[in-house]
Structure formats: structure tokens, C-alpha cells
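Below is one structure, written out as C-alpha cells; comments come after it.
Keep in mind that the numbers below use all heavy atoms, side chains included, and drop hydrogens, waters and symmetry copies.
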Amino acid sequence: DRFYKEFTSVEDVVFRKTADPVWQLKKALRNNSPFLLLLDSCNIMHEMKSIFSPYYKKGKGFDENGRIHLLKLVDSIVKKSDKVAVEVYFDSGASASEEQWSKNVRAVYSGIPNKHSADERIIGELEFDLHECSTIPRCLVSNDRGLSKDAYEREAHIMSVHQFSALFFQ
């Protein structure tokens, strides 16, 4: 038993690394290979209170400065790669819209609150990619169980907010 605890097989190590979405993202950044990262911004900002609490307005959610702070943090992770794309989904906006925020980062606004949600836009994007037979690896960052389940059913990898937050401090 002690041997198996201390010395894992090569197959186990390879499987753990290739199944790990953080490892896949780091590999895509290092090799400048295609990768699509979809971020559930509301979930991320709520889960990362230590970073985003100054931007929270009771009854109104996160303000524009909080959104910009998230976009800057994400851009700092992926800006060295030409092929890693990030779509950050926000529950807001008078109408559904998209804004290319930087070379790699796109802000996607869901539209009318309580009528259209960022979750619906994320699933729509994954559904579209699935029907287009896209071969680009896709990964959702969220702790929302329902959204994660729906994304997984559409062949997306799932990265927890905790795993994602570690990338900010490297």
C-alpha cells in the first residue's frame, strides 16, 4: 500500500494531467494552441469575494469597475497567447451585445436582466460550437452545478473558480 501511495503509475499521472482543465489551459498558453475559456462572471466575482467585494453594491450586484477589474485580470493571464480566447459573460445590459475588450478577451452581455441570462448565452455558445463540430477545446469556469452539468453535456471541460483563481497569482 505504501508503494502505491508514494509512486503512482505513469498512466495515472498522464490521465490526471490531461483531464485537468488547468493543465490544458496552461499547455494551450505555453504552446500557443487554440483554447476557448468561457467565464460565468457573476459566479466568479461572488466566489472571489476577497478581490471583488469593493465593487459589490447591495441590491444592484457588481458595478462596471468590478467588471473591468475582472476583464483586466483575465487579460493578464492570456495576453501572451494569440490563440487562447476568453469570453466573459455578464448578466446585464439593455440588450444582448458583445464587446472585444482586448486581443483575446471578449465581454458578452446577456441583455435584459431577469429575461435573458448569461447562463443561457453560455449554453447557446456551447450548443453552436457542438453543432459546428468545433475541435477547439472549450472550458467553462463556474461553480454553478446546473450550468456546469449543462456545459459538460455539451462536451466542455469544467474548471472550478478555485482552480481558476490560482492562475491570478502565478
With side chains defined as the heavy atoms from C-beta onward, is the minimum distance between [X] and [Y] less than 4.5 Å?
X	Y	answer
Pro34	Lys83	yes
Ile158	Pro21	no
Glu87	Leu36	yes
Tyr56	Met45	no
Leu25	Leu167	yes

Q | Under the salt bridge (charged side-chain N to carboxylate O under 4.0 Å, His left out) test, residues paired with Glu127 that sit two or more places apart | A | Arg154

Under the side-chain hydrogen bond (donor to acceptor under 3.5 Å, both in side chains) rule, collect the residues that match up with [X], sequence neighbours excluded.
X	answer
Arg67	Glu64
Asn32	Ser81
Asp82	Lys103
Lys72	none

Following the transitive rule for hydrophobic clusters with a side-chain heavy-atom cut-off under 4.5 Å over Ile, Leu, Val, Met, Phe, Trp and Tyr, establish whether [X] and [Y] coincide in one cluster.
X	Y	value
Val105	Phe52	yes
Tyr152	Met159	no
Ile136	Leu37	no
Phe128	Val86	no

Q | Member of Ile122, Val88, Val141 meeting the side-chain contact (heavy atoms from CB on, under 4.5 Å) criterion with Asp40 | A | Ile122

Q | Identified side-chain contact (heavy atoms from CB on, under 4.5 Å) partner of Val74 from the options Leu71, Leu70, Ile77 | A | Leu70

Show the nearest heavy-atom pair for residues [X] and [Y], with the distance to one decimal.
X	Y	value
Ala28	Phe35	CB-CB, 3.6 Å
Ala118	Tyr89	CB-CB, 3.8 Å
Glu125	Leu38	CG-CD2, 3.8 Å
Ile123	Ala151	CD1-N, 3.8 Å
Ser142	Leu147	OG-CD2, 4.0 Å
Ser110	Ser117	CB-C, 3.4 Å

Q. Angle class for the Phe168/Phe164 ring planes (parallel below 30°, perpendicular above 60°, tilted otherwise)?
A. perpendicular

Q. Ion pair present between Lys149 and Glu153, side-chain N to carboxylate O less than 4.0 angstrom?
A. yes

Q.
I'd like to know if Arg121 pairs up with Glu98 as an ion pair, taking the criterion as any Lys NZ or Arg NE/NH1/NH2 lying under 4.0 Å from an Asp or Glu carboxylate oxygen.
A. yes

Q: Can you establish whether the number of heavy atoms outside Gln163 located under 6.0 Å from its atom CD is more than 12?
A: yes

Q: Mind jotting down which residue pairs meet the side chain to side chain donor-acceptor pair (under 3.5 Å) criterion with at least one end in residues 41-53? Sequence neighbours excluded, please.
A: Glu47-Asn143

For the [atom1] atom of [X] and the [atom2] atom of [Y], what is their distance to the nearest 0.5 Å?
X	Y	atom1	atom2	value
His69	Asp63	NE2	CG	11.5 Å
His157	Leu140	NE2	CG	12.0 Å
Gln24	Cys139	CD	SG	7.5 Å

